[in-house]
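Here is the naming used below: chain letters follow the sequence lines, and residue numbers restart at 1 for every chain. Computed from heavy atoms alone, side chains included, the values below leave out hydrogens, waters and symmetry copies.
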Amino acid sequence: MSLLDIQNLDVTLALPNGPLKAVRDVTLTLEPGESLGIVGESGSGKSMTALALMRLLPRSATCEAEALRFDGQELRDLGDPAFARQIAGPRIGMIFQEPMTSLNPVYTIGRQMTEATVARGLLSEAEARRKAIDLLDRVGIPDPEGRMNQFPHQMSGGQRQRVMIAMTLMLDPELLIADEPTTALDVTVQAQILDLLDDLRRERGMGLILISHDLAVVAERTDRVAVMYLGEMVEQGTAQEVLYHPQHDYTKALLAAIPRLDGPARVPAQEAAAPEVEKVISATNLCREFHSRKGLFGPKKTVRALDDVSLELRRGETLAVIGESGSGKSTLARILLGLDLPDAGDVRMLGRPVLDLPGAERASLVQPVFQDPYTSLNPRRRLSEIISRPLVLRGEGDSASRLAAVKDAMEKVRLPGRLIHAYPSQLSGGQRQRVAIARALITEPEALICDEPTSALDVSVQAQILELLDDLRAKMGLTCLIITHDMAVVHEIADRVAVMYQGRVVEEGSASAVLDHPSNDYTARLLAAAPRFGATRDLEVVQ
Amino acid sequence: MLRYIALRAALALAVAFTVSLAAFLLLNVAGDPAQAIAGEDATPDVIEAIRDRYGLDRPLPVRYFDWLGGVLQGDFGTSYYWHKPVAELVADRADETITLALSALSVTIIIALPLGALAALNPNSWIDRFALGVAVSAQAVPNFWLGLIMIILFGVMMPIFPVSGDSTWKHFVLPAFVLGASSVPAVMRLTRTGLIEVMGADYIRTARSKGFRGWPLLRRHAMRNALLPVISVLAVQLGQKFGGSVITESIFAINGLGRLALESILGMDIPTVQMLIFVFAIVFVAMNLLADILNAALDPRIRIG
């Protein structure tokens with residue numbers, strides 16, 4: 001008998017402008033101990049499917065199905081209290097995407113871990129505590145006993161996700177649903193968490209549903225893969241089948257869009273560069289410290305965000321700065337943009353110290369593109385206003401010439417002209433990021449500094465934006481510095497790479513050299529942790 | 001935690017000191033106190049005599065530190081009007097006002113918290129609209145008007161409660177309701193928005209995925225988080241109850257600090273007014289300190305930075 005049997009599941013959202021079918025006619029089954037990956041872009045209905053199963057849908061959503069059986073039991077026959085008592089927790093456990101907010105901030109880890117078992121009368125307080133400590137130890141939390149008395153805010157994101165996993169296991173569920181469990185985490189932590197989930201599944205013979213937008217991640221760790229697109233399940237099969245013999249066009253497009261470390265290398269911008277390359281931006285020996293105090297009289301804590309960083313950005317190249325969160329990448333970007341001042345060291349743009357450049361002139365030399373296109377555009381302004389804003393600020397041209405410039409910039413980033421009077425809320429994430437790039441290009445800057453320009457976007461959109469940036473570089477000779485945590489992005493677009501770790505540049509060199517022969521331990525670890533297709537293929541060969 | 005409390009207490013002390021200075025300056029610099037005591041028709045001789053008698057001819061800093069020194073020893077001076085030590089006068093009347101303020105706050109809590117919680121748990125339902133209606137009307141209705149209406153309704157048309165005096169608990173029912181009603185909108189709305197936000201939080205979803213529903217979910221996971229902002233506001237509201245007692249006590253003839261404040265303002269009794277301002281302000285400061293400490297006790301993110 002299947003552990004899980006969903007037949008023809010529909011989820012309908014009641015929206016102000018009419019009902020929307022978020023999930024349409026989804027059928028899937030899962031055998032005990034099997035792992036299933038559900039892949040799709042945001043909005044494809046993959047999370048809705050899981051939430052419908054767990055009865056955690058938002059108020060505005062209703063769900064219907066021909067069958068919703070778990071271990072032979074029809075879940076639709078259960079009232080909500082009975083479902084909460086029998087199914088949610090002890091039989092199906094779920095972990096979520098947001099480890100930073102999924103734990104209650106005001107209670108200790110210990111209380112949150114033990115409460116469900118104790119409230120259900122399964123274990124005594126002391127037994128539950130012992131079990132919780134064992135599980136924390138199992139998921140790799142150091143000093144589990146001490147951690148029991150700590151609060152979520154005293155832990156890192158990766159640790160919180162481990163606690164979340166351990167907490168779910170307290171009730172020994174037969175099925176674990178992991179909804180994008182690693183999206184919010186650094187790549188090295190990601191790999192550890194996914195390995196942990198896979199190990200736990202084998203150990204306990206649990207069913208596992210791994211939901212992700214990242215096909216590479218899913219392919220590596222699951223037996224079967226289901227691909228969702230616009231609320232429908234377009235393809236289902238073994239990981240091998242789906243990866244290497246995709247049937248549906250969308251799956252093929254998704255596969256093609258993934259930036260791959262093992263794909264064909266790109267042609268470097270300027271292999272045989274002239275000996276005298278012009279340096280658009282050069283930074284030497286940058287240091288930046290941040291001080292914080294606990295309270296008014298607390299001890300001063302110093303964080304070295306940048307520690308003796310030197311970097312140069314040459315005309316016409318794309319330089320990627322890669323590192324985990326907290327490695328100082330964004331501080332570096334702010335200083336290179338002149339938005340923040342270094343404690344020591346200096347930044348020069350075209351040979352002139354950045355401090356001597358007035359704001360308007362600096363803006364024509366370098367422009368930023370930020371990570372989150374959803375929040376970095378003013379929601380109350382039309383695209384024409386957003387994109388022309390730098391010109392207005394500099395008092396350049398009249399309204400007619402500005403409009404022409406806006407149209408030109410929109411064309412460059414391939415935004416349809418009819419959107420010129422639209423508001424950001426009417427655009428998709430990818431379109432918004434194009435707007436941000438168009439706004440950055442309008443002053444015709446020497447260089448763009450892009451801080452994680454694609455990490456908030458779906459993988460297929462990400463590919464388009466990267467392609468656009470590469471294209472602009474080729475056509476306009478644009479110089480680009482891209483900050484990212486994604487090795488595959490580096491492979492896709494960068495000429496040179498600088499690897500940052502704890503405020504220092506630990507490795508620098510041409511992209512191919514660094515990716516193929518990393519000379520630094522940390523770089524090697526980053527590379528090893530990056531998900532890639534090769535893994536499944538290797539497995540196949542071994543088998 | 002102790003450090004945090006010590007720090008907050010030090011800040012509160014600094015505020016109290018500033019308040020004492022403001023209270024003193026407001027009364028002594030804004031006009032000539034001797035002239036005010038003597039009345040409009042007084043001759044210069046009389047005014048001079050008063051100035052001499054109350055030491056008003058001394059320089060301002062001397063008078064301030066003289067007063068502050070007295071305050072630190074519990075001596076707030078002698079009332080010009082009742083000819084008794086002000087501290088004694090205030091102590092005599094404090095009971096009534098404390099009773100009134102606390103019962104008014106209880107009224108606020110009893111009405112606002114459940115109403116806010118019900119509205120939050122059933123957004124856009126009839127109960128939510130009803131709660132909104134209550135909030136809007138309570139906000140719009142002035143205290144003195146509500147007091148008079150209550151007197152007409154429950155004192156005259158249906159004589160259930162006495163409307164004047166402070167000898168039994170029954171005397172406090174109407175004034176406590178009137179005074180408490182004015183805080184209902186703020187507290188109710190904050191409870192509602194706080195709880196709606198908390199119920200939508202990721203950790204509530206986590207708790208639901210562990211099988212918690214209904215009351216246990218509310219009690220174990222939502223309540224403490226939703227109450228954090230409410231506590232701060234309740235503290236401020238309690239402070240306002242003391243200030244608000246001026247009008248309510250006058251309407252219901254309760255012989256408390258509010259009425260004393262009114263009488264001493266009318267009687268130009270500067271030492272008494274000065275002390276009352278100081279006391280009301282200190283209550284405010286103390287309540288805020290208490291709220292800070294409570295918040296720290298309930299929220300580990302404050303307690304353990």
Visitor: Can you tell which of A/Pro81, A/Ala88, A/Pro58 has the highest number of heavy-atom pairs within less than 4.5 Å of chain B?
Guide: A/Ala88
Visitor: Does anything in residues 281-293 of chain B pair up under side chain to side chain donor-acceptor pair (under 3.5 Å), and if so which pairs, sequence neighbours excluded?
Guide: B/Arg8-B/Asp292
Visitor: Which atoms form the tightest heavy-atom contact between B/His221 and A/Tyr107, and what is the distance?
Guide: CA-CE1, 4.3 Å
Visitor: When heavy-atom pairs shorter than 4.5 Å are enumerated against chain B, which of A/Met54, A/Arg55, A/Glu98 gives the highest number?
Guide: A/Glu98
Visitor: Which pair of non-hydrogen atoms, one from B/Arg213 and one from A/Ala84, has the smallest distance, and what is that distance?
Guide: CG-CB, 3.5 Å
Visitor: Hey, mind stepping through A/Val106 and B/Leu228 against side-chain contact (heavy atoms from CB on, under 4.5 Å) and telling me if it holds?
Guide: CA-CA 10 Å; A/Val106 301; B/Leu228 288 172; 4.2 Å; yes
Visitor: Heavy-atom pairs under 4.5 Å with chain B - which of A/Pro173, A/Pro105, A/Ala119, A/Gly89 has more of them than the others?
Guide: A/Pro105
Visitor: Is B/Arg205 positioned over the aromatic face of A/Phe96, cation under 6.0 angstrom from the ring centre and no more than 45 degrees off axis?
Guide: yes
Visitor: What part of A/Met164 is in contact with chain B, defined as an atom under 4.5 angstrom from a non-hydrogen atom: side chain, backbone, both or neither?
Guide: side chain
Visitor: Looking at A/Leu171 and B/Lys210, what are the two nearest heavy atoms and their distance?
Guide: CD1-O, 4.2 Å
Visitor: Counting only heavy atoms from other residues, nucleotides and ligands, does the tally under 6.0 Å from CD of A/Glu125 exceed 12?
Guide: no
Visitor: Please flag which part of B/Arg208 lies under 4.5 Å from any non-hydrogen atom of chain A: side chain, backbone, both or neither.
Guide: both
Visitor: Taking CD in B/Glu197 as the centre, count heavy atoms belonging to other residues, nucleotides or ligands within less than 6.0 Å. Is the count above 12?
Guide: no
Visitor: Measuring heavy-atom distances to chain B, does A/Met167 have an atom under 4.5 Å in its side chain, in its backbone, in both, or in neither?
Guide: side chain
Visitor: Which atoms of A/Glu115 come close to chain B, meaning under 4.5 Å heavy atom to heavy atom: side chain ones, backbone ones, both, or neither?
Guide: both
Visitor: Is B/Phe212 close to chain A through its backbone or its side chain, or both, or neither, when contacts mean heavy atoms under 4.5 Å?
Guide: side chain
Visitor: Within a strict 4.5 Å, meaning less than it, do heavy atoms of the B/Pro123 and A/Arg59 side chains meet?
Guide: yes
Visitor: Do you know which of A/Asn104, A/Thr101, A/Thr108 has the most heavy-atom pairs under 4.5 Å to chain B?
Guide: A/Asn104
Visitor: Hey, could you give me the CD1/OG distance between A/Ile87 and B/Ser209, rounded to the nearest 0.5 Å?
Guide: 13.5 Å
